[in-house]
K.L.:
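Okay, handing you the structure first.
Hydrogens, waters and symmetry mates are skipped; everything else that's a heavy atom, side chains included, is used. Note that this is a predicted model, so its numbers are computed, not measured.
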Amino acid sequence: MEIIDIHAHIYPRVAGITKGAPMVSMRHGKVKIGNQITQFLPPSFTEAASTPETLIAYMDWCGISKALLMPNPYYGYHNDYVLEAVRAYPDRLKGIALVDLLRGEEAARELERIYEDTELFGFKVETDSTFQCAPHKHMTDADLMPVWECCNRYRQPVFLHLFTDRDVEDLETLTRRFSQITYVICDMGADSCFQRGRNRGNFQRVLRLAKENSNVYLDTSTVPVYFQEEYPFPTSVKIIQEAYQAVGAEKLLWSSDYPGMLNHATMRELIDMVVRHSKIPQEDLRKIMGENAKKLWFSD
């Protein structure tokens with residue numbers, strides 16, 4: 001069974017913002033957030049950096065053939081670093097682009113330049129980090145439309161980490177308005193579906209979007225973070241099986257959310273959570289674990 005990871009992070013340092021405070025890499029996987037120090041990654045990640053070489057070593061160790069490098073403003077803006085990795089390991093890695101959605105027209109022009117001049121593609125949105133300094137803003141605000149129009153014009157995929165009830169509503173609006181975008185809902189809906197206090201109906205809305213739209217997919221990463229459970233994460237397995245029953249194997253994409261998920265499980269456990277502990281038939285597991293991703297982004 002070929003395994004392709006569609007959600008792995010690399011970065012030379014942590015340089016984002018969270019809870020209104022800057023994040024700074026330190027030694028042995030630690031990060032300083034404002035005046036506090038936290039164990040951000042396992043201690044083996046020196047200087048709290050996630051290098052492509054370490055990722056590929058994990059991939060080789062666990063039988064993962066290829067990976068999509070997924071940026072996130074939570075870690076900082078590192079397009080150049082991702083591009084270097086893609087060019088260094090073209091048979092193993094592909095990279096997603098990141099621009100500041102809040103810059104609207106200027107961000108759209110930057111995306112267009114990236115699509116025309118580099119190997120990076122797509123666009124990642126993580127709404128919490130994106131709107132840290134502008135909590136009144138939303139994805140569907142008029143001044144942000146040029147970014148979506150650019151992705152639609154270039155037929156680029158958009159990967160979304162949703163946080164709020166409004167984010168789900170905005171995604172419903174975007175899917176109606178921009179039909180040439182392939183939407184990947186990261187982490188099975190993430191905080192918008194599983195964080196305490198969120199609308200319990202959001203997960204069903206997300207599943208309905210994937211079921212009713214041929215261009216909407218779900219990735220399986222990070223779900224164990226939201227539940228106080230040890231491996232094999234039975235609640236997460238149940239959620240993935242529910243999604244499989246609702247939308248079919250063709251709409252699910254396996255992903256690890258490396259390296260952050262290594263705080264919660266090994267890479268092998270993240271694979272086995274789906275392959276060994278779900279009741280999904282082998283034929284459909286092959287689609288989820290690699291065939292769908294290969295068809296979408298690795299067939300050339």
K.L.:
Carefully, step by step, assess Tyr217 and Asn292 under the rule side-chain contact (heavy atoms from CB on, under 4.5 Å).
P.N.:
CA-CA 10 Å; Tyr217 297 79; Asn292 294 338; 5.6 Å; no

K.L.:
To the nearest 0.5 Å, how far apart are CG in Leu296 and CD1 in Ile6?
P.N.:
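Interatomic distance, Leu296 CG to Ile6 CD1, rounded to 0.5 Å: 8.5 Å.
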
K.L.:
Is there a side-chain contact (heavy atoms from CB on, under 4.5 Å) between Lys295 and Lys287 once you walk through the steps?
P.N.:
CA-CA 10 Å; Lys295 182 178 179 181; Lys287 296 176 183 177; over 6 Å; no

K.L.:
Do the non-hydrogen side-chain atoms of Lys251 and Leu218 ever get within less than 4.5 Å of each other?
P.N.:
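Counting from C-beta outward, Lys251 and Leu218 never come under 4.5 Å.
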
K.L.:
Just checking Lys137: does its NZ atom have more than 12 heavy atoms from other residues, nucleotides or ligands closer to it than 6.0 angstrom?
P.N.:
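Yes, because the 6.0 Å sphere around NZ of Lys137 holds more than 12 heavy atoms from other groups.
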
K.L.:
Kindly say whether the aromatic ring centers of Tyr258 and Trp61 come within a distance under 6.0 Å.
P.N.:
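Judged by ring-centre distance (under 6.0 Å), Tyr258 and Trp61 do not meet the cut-off.
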
K.L.:
I need the minimum non-hydrogen distance between Ala293 and Leu253, along with the two atoms involved.
P.N.:
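Heavy-atom minimum between the residues: N-CD2, 3.6 Å.
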
K.L.:
Going through the checks in order, is the ring-ring contact (aromatic ring centres under 6.0 Å, His included) test met by Trp297 and Phe159?
P.N.:
CA-CA 13 Å; Trp297 302 300; Phe159 301 79; 5.5 Å; yes

K.L.:
Stepwise, does the side-chain hydrogen bond (donor to acceptor under 3.5 Å, both in side chains) test hold for Asp5 with Ser256?
P.N.:
CA-CA 6 Å; Asp5 187 351; Ser256 69; 2.4 Å; yes

K.L.:
Measure across Tyr74 and Val14 and return the closest heavy-atom pair with its distance rounded to 0.1 Å.
P.N.:
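Heavy atoms of Tyr74 and Val14 come nearest at O-CG1, 4.3 Å.
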
K.L.:
How long is the straight-line distance from CD of Glu283 back to CD1 of Ile288, given to the nearest 0.5 Å?
P.N.:
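Answer rounded to 0.5 Å: 11.0 Å.
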
K.L.:
Taking the side chain as every heavy atom from C-beta outward, state whether Arg27 and Glu47 have any pair of such atoms under 4.5 Å apart.
P.N.:
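With C-beta onward as the side chain, the pair touches.
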
K.L.:
Kindly determine whether Ile4 and Lys94 satisfy side-chain contact (heavy atoms from CB on, under 4.5 Å), including the steps that lead there.
P.N.:
CA-CA 11 Å; Ile4 296 175; Lys94 288 194 172 183; over 6 Å; no

K.L.:
Closer than 3.5 angstrom, by distance alone: can the side chain of Gln156 be matched with the main-chain N or O of Phe123 as a donor-acceptor pair?
P.N.:
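Judged by distance alone, no pair lies under 3.5 Å.
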
K.L.:
Would you check if the side chain of Gln132 reaches a backbone N or O of Lys19 as a donor-acceptor pair within less than 3.5 Å?
P.N.:
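Confirmed, Gln132 side chain pairs with Lys19 backbone.
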
K.L.:
Ignoring hydrogens and geometry, is there a side-chain-to-backbone donor-acceptor pair from Asn152 to Trp148 under 3.5 Å?
P.N.:
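Checking the backbone N and O of Trp148 against the side chain of Asn152, no donor-acceptor pair under 3.5 Å is found.
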
K.L.:
Please answer whether the main-chain N or O of Ile114 pairs with a side-chain N or O of Thr118 as donor and acceptor at a distance below 3.5 Å.
P.N.:
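It does hold such a pair.
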
K.L.:
Closest heavy-atom contact between Pro232 and Met273?
P.N.:
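Taking every non-hydrogen atom into account, O-CG, 3.9 Å.
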
K.L.:
Are any of the side-chain heavy atoms of Ile240 and Ser278 separated by less than 4.5 Å?
P.N.:
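No - every pair of side-chain heavy atoms lies 4.5 Å or more apart.
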
K.L.:
Check whether more than 12 heavy atoms from other residues, nucleotides or ligands sit under 6.0 Å from atom CZ of Arg153, and answer yes or no.
P.N.:
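Yes, enclosed.
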
K.L.:
If two hydrophobic side chains count as joined below 4.5 Å and joins carry through other members, does Val184 share a cluster with Ile181?
P.N.:
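No, Val184 does not connect to Ile181 through the hydrophobic network.
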
K.L.:
Nearest 0.5 Å, please: how far is SG in Cys151 from OH in Tyr115?
P.N.:
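Tyr115 atom OH to Cys151 atom SG measures 4.0 Å (nearest 0.5 Å).
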
K.L.:
Any sub-3.5 Å donor-acceptor pair from Asp187's side-chain atoms to Gly189's backbone N or O?
P.N.:
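Answer holds: no.
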
K.L.:
Short question: side chain of Arg268, backbone of Cys62 - any donor-acceptor pair under 3.5 Å?
P.N.:
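Yes, the answer is positive, given that a donor and an acceptor are paired below the 3.5 Å cut-off.
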
K.L.:
So do Tyr154 and Phe121 actually touch side chain to side chain, heavy atoms under 4.5 Å?
P.N.:
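A side-chain contact under 4.5 Å is absent here.
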
K.L.:
Hey, is the main chain of Met139 close enough, under 3.5 Å, to the side chain of Arg166 for a donor-acceptor pair?
P.N.:
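No.
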
K.L.:
Applying the 4.5 Å side-chain criterion to the ILVMFWY set and letting contacts propagate, would Val206 and Ile239 be lumped into a single cluster?
P.N.:
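Yes, Val206 connects to Ile239 through the hydrophobic network.
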
K.L.:
Would you kindly confirm whether Leu68 and Val216 end up in one hydrophobic cluster when ILVMFWY residues are joined by side chain heavy atoms under 4.5 Å apart?
P.N.:
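Leu68 does not cluster with Val216.
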
K.L.:
Using the ring-ring contact (aromatic ring centres under 6.0 Å, His included) rule, take His136 and His138 through it: C-alpha gap first, then chi angles, then the decisive distance, then the call.
P.N.:
CA-CA 7 Å; His136 60 287; His138 299 285; 8.4 Å; no

K.L.:
Give, for atom OG1 of Thr130 and atom NE2 of His161, the distance between the pair rounded to the nearest 0.5 Å.
P.N.:
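It comes to 10.5 Å.
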
K.L.:
Sequence neighbours excluded and cut-off under 3.5 Å, please list the side-chain donor-acceptor pairs for residues 95-108, or say none.
P.N.:
unit_1, atom_1, unit_2, atom_2, d
Asp100, OD1, Leu102, N, 3.1
Arg103, NH1, Glu110, OE1, 3.0
Arg103, NH2, Glu106, OE2, 3.3
Arg103, NH2, Glu110, OE1, 3.0

K.L.:
Working to the nearest 0.5 Å, report the span between CG of Asn213 and OG1 of Thr182.
P.N.:
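Here the interatomic distance stands at 11.0 Å.
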
K.L.:
Quick one: pull up CG in Asn202 and CG in Leu207 and give me the separation to the nearest 0.5 Å.
P.N.:
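Rounded to the nearest 0.5 Å, the CG-CG separation comes to 11.0 Å.
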
K.L.:
So Tyr11 and Pro259, do their side chains get closer than 4.5 Å, heavy atoms only?
P.N.:
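When only atoms from C-beta onward are counted, Tyr11 and Pro259 do touch, with a gap below 4.5 Å.
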
K.L.:
Is any side-chain heavy atom of Arg198 closer than 4.5 Å to one of Cys193?
P.N.:
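No, too far: nothing below the 4.5 Å cut-off.
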
K.L.:
To check you understand the geometry: which heavy-atom pair defines the closest contact between Glu2 and Ser65, and what is its length?
P.N.:
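Taking every non-hydrogen atom into account, OE2-OG, 2.8 Å.
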
K.L.:
Name the orientation class of the two ring planes belonging to His78 and Tyr81 (parallel below 30°, tilted from 30 to 60°, perpendicular beyond 60°).
P.N.:
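Answer is perpendicular, since the angle exceeds 60°.
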
K.L.:
Please tell me whether Leu120 and Met70 are part of a single hydrophobic cluster in this structure, the criterion being side-chain heavy atoms less than 4.5 Å apart.
P.N.:
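Each belongs to a different hydrophobic cluster.
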
K.L.:
Do Lys124 and His7 pass the side-chain contact (heavy atoms from CB on, under 4.5 Å) test, and can you show the C-alpha distance, the side-chain angles, and the key distance before you say yes or no?
P.N.:
CA-CA 11 Å; Lys124 170 65 184 293; His7 193 144; 4.2 Å; yes

K.L.:
Might you point out which heavy atoms bring Gly63 and Ile3 nearest each other, and give the distance in Å?
P.N.:
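The pair with the smallest heavy-atom distance is O-CB, 3.8 Å.
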
K.L.:
Using the six-membered ring wherever Trp is involved, compare the ring planes of Phe40 and Tyr75 and label them parallel, tilted or perpendicular (cut-offs 30° and 60°).
P.N.:
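Phe40 and Tyr75: perpendicular rings.
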
K.L.:
Report the C-alpha separation of His277 and Phe233 in whole Å, then their side-chain angles, then the decisive distance to 0.1 Å, and conclude whether the ring-ring contact (aromatic ring centres under 6.0 Å, His included) test is met.
P.N.:
CA-CA 9 Å; His277 296 284; Phe233 311 118; 9.2 Å; no

K.L.:
Within the distance-only criterion (no hydrogens, no angle test), does the side chain of Glu229 pair as donor or acceptor with the backbone N or O of Thr235 below 3.5 angstrom?
P.N.:
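At least one qualifying donor-acceptor pair exists.
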
K.L.:
If you count every heavy atom of other residues, nucleotides or ligands that lies below 6.0 Å from Glu53 atom CD, does the total exceed 12?
P.N.:
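Correct, the count exceeds 12.
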
K.L.:
Check whether any side-chain heavy atom of Lys66 sits under 4.5 Å from a side-chain heavy atom of Lys294, and report yes or no.
P.N.:
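No, side chains not in contact.
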
K.L.:
What are the two closest non-hydrogen atoms of Tyr183 and Phe178, and how far apart are they?
P.N.:
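Closest approach of Tyr183 to Phe178: OH-O, 2.8 Å.
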
K.L.:
Between Asp257 (side chain only) and Ser221 (backbone N and O only), is there a donor and an acceptor less than 3.5 Å apart?
P.N.:
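Pair absent, no side-chain N/O of Asp257 close to backbone of Ser221.
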
K.L.:
Has the side chain of Gln39 got a donor or acceptor atom that lies under 3.5 Å from a matching backbone atom of His28?
P.N.:
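Checking the backbone N and O of His28 against the side chain of Gln39, a donor-acceptor pair under 3.5 Å is found.
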
K.L.:
Does a sphere of radius 6.0 Å around CG in Asn199 hold more than 12 heavy atoms from other residues, nucleotides or ligands, not counting ones at 6.0 Å or beyond?
P.N.:
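Enclosed: over 12 neighbouring heavy atoms sit under 6.0 Å from CG of Asn199.
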
K.L.:
How about CD on Glu116, more than 12 heavy atoms from neighbouring residues, nucleotides or ligands closer than 6.0 Å, or not?
P.N.:
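Above 12, so yes.
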
K.L.:
Do Trp254 and Tyr244 share a hydrophobic cluster, counting only Ile, Leu, Val, Met, Phe, Trp and Tyr and linking them when any side-chain heavy atoms are less than 4.5 Å apart?
P.N.:
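Linked within one cluster.
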
K.L.:
Assess the residue pair Asp167 and Thr127 against the criterion (side-chain hydrogen bond (donor to acceptor under 3.5 Å, both in side chains)); give the C-alpha distance rounded to whole Å, side-chain angles, the decisive distance to 0.1 Å, and a yes or no.
P.N.:
CA-CA 8 Å; Asp167 289 344; Thr127 59; 2.6 Å; yes

